[in-house]
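First up is the structure itself, then whatever we jot down about it.
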Amino acid sequence: MNIQVYGSASKAGVAVAQVFAAQIIRDPFSVLGLATGSTPLPTYEAMVELYKAGIVDFSTVRTFNLDEYVGISREHEQSYYSFMFEHLFSQINIDPAHVQVPNPVSENLDEDCIAYDAAIDDAGGIDLQLLGIGHNGHIAFNEPGDLFTYGTHIVELSKSTIEANKRFFASADEVPKKAMTMGIGTIMKAREIVLVASGKDKAQAVATMILGEIDPLCPASALLLHPQVTVFLDADAASLLH
Ligand code: GLP
């Protein structure tokens, strides 16, 4: 695991955007795995800047998002689908037909999950996956548990995740209780992974991931087994790494 520490969250975001730019320049048909949350916002801003500067062309890129809430429509302003269009897709020249966000709406959500993994496989697998990390060490919506999860699946959100995400909703009651998420296995199949974390409130999760055991109680610790992971931190998120 390669670790890079930057003076600010925005500098880390610029560095991550440059990794994505290099990937797309190397392979314009790249398959990218994308994340939501506050942490990737500086990365998406920097990607938009690189696009506007004519450095990156997204027209042949395909993307798969990590996760989506169950029980709110795509048009809901807090859906991850809406988030991605607001913060990235509407500002770059990506073909909306090349964009996939989990869409848990059918009668049989397990079938939606199987279809999502199949679509990733059909696209040739993910070349470069972006991740954030939750306070409890979750990645995507893979919450701490007894076992690492494998494929895309439906998950009950933990109290702490609902608590952390309630800032985007009128109240905690309005936060969906379930989500559809890539599994740890889905994420680990990506050829390269970039995890970003910023702020003091992420320092403990980052330290547990990097310095602790490989343990499903810290889902992000599975990344220690991946041969190609870079963790981009600001100084606050790195503050417990000594
Ligand atoms: C959500 C998302 C994760 C994200 C995490 C942290 O639970 N499903 O993908 O990494 O929140 O979000 P933030 O970056 O806002 O702290």
Side-chain angles (χ1 to χ4, degrees), residues 6 8-10 12-13 16-17 32-47 63-72 76-84 86-88 100-104 113 116 126 128-145 149 152-169 172 174-184 186-188 190 193-210 218-223 229-234 236-238:
Y6 292 82
S8 68
S10 66
V16 174
L32 307 178
L34 299 179
T36 52
S38 315
T39 313
L41 291 178
T43 297
Y44 293 153
E45 273 171 34
M47 278 187 194
T63 67
F64 287 88
N65 259 78
L66 285 169
D67 47 15
E68 179 61 282
Y69 292 116
V70 172
I72 58 174
H76 190 290
E77 58 174 3
Q78 292 306 334
S79 75
Y80 285 170
Y81 183 84
S82 297
F83 175 101
M84 290 307 301
E86 181 184 347
H87 294 288
L88 184 65
Q100 298 231 39
V101 179
N103 192 17
C113 294
Y116 200 66
I126 290 172
L128 179 60
Q129 175 69 56
L130 178 62
L131 295 176
I133 185 169
H135 297 112
N136 59 5
H138 75 244
I139 48 176
F141 270 133
N142 292 279
E143 299 282 17
T149 58
T152 295
H153 60 286
I154 303 295
V155 66
E156 300 270 347
L157 300 183
S158 71
K159 274 208 175 98
S160 74
T161 299
I162 291 172
E163 202 49 36
N165 290 0
K166 77 175 185 197
R167 67 192 194 275
F168 301 114
F169 293 82
E174 287 189 23
V175 183
K177 306 292 176 284
K178 287 185 182 182
M180 175 171 161
T181 179
M182 282 188 200
I184 297 292
T186 322
I187 293 167
M188 292 289 280
I193 296 174
V194 162
L195 184 144
V196 204
S198 54
K200 270 238 167 348
D201 58 317
K202 295 293 174 70
Q204 188 58 60
V206 166
T208 306
M209 166 180 73
I210 294 173
C218 175
S221 66
L223 299 175
V229 179
T230 308
V231 178
F232 289 77
L233 304 171
D234 71 353
D236 283 341

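As the structure lists them, so they are numbered: ligands from 1, and atoms in each ligand from 1. These numbers come from the heavy atoms of this one structure, side chains and all, not from hydrogens, waters or symmetry mates.
Applying the salt bridge (Lys or Arg N to Asp or Glu O under 4.0 Å) criterion to D67, with sequence neighbours excluded, gives no partner residue. E163 pairs by the salt bridge (Lys or Arg N to Asp or Glu O under 4.0 Å) definition with K166, not counting sequence neighbours. Annotation: side chain to side chain donor-acceptor pair (under 3.5 Å) contacts of S198 (sequence neighbours excluded): none.
Between the side chains of T208 and Q204, a donor-acceptor pair is found at a separation under 3.5 Å.
Residue L157 forms a side chain to side chain contact (heavy atoms under 4.5 Å, CB included) with just one option from T181, N165, I162, and that option is I162. For the ring pair (Phe, Tyr, Trp, His ring centres under 6.0 Å) with Y69, the lone residue among F141, Y81, F83 that qualifies is F141.
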When you check ligand 1 against the protein, what N or O pairs turn up below 3.5 Å? List the atom names and distances, or just say none.
| unit_1 | atom_1 | unit_2 | atom_2 | d |
| --- | --- | --- | --- | --- |
| ligand 1 | 7 (O) | H138 | NE2 | 2.8 |
| ligand 1 | 8 (N) | D67 | OD2 | 2.7 |
| ligand 1 | 8 (N) | A140 | O | 3.2 |
| ligand 1 | 10 (O) | I133 | N | 3.4 |
| ligand 1 | 14 (O) | S38 | N | 3.3 |
| ligand 1 | 14 (O) | T39 | N | 3.0 |
| ligand 1 | 14 (O) | T39 | OG1 | 2.4 |
| ligand 1 | 15 (O) | S38 | N | 2.8 |
| ligand 1 | 15 (O) | S38 | OG | 3.2 |
| ligand 1 | 15 (O) | R167 | NH2 | 2.9 |
| ligand 1 | 16 (O) | K202 | NZ | 2.6 |

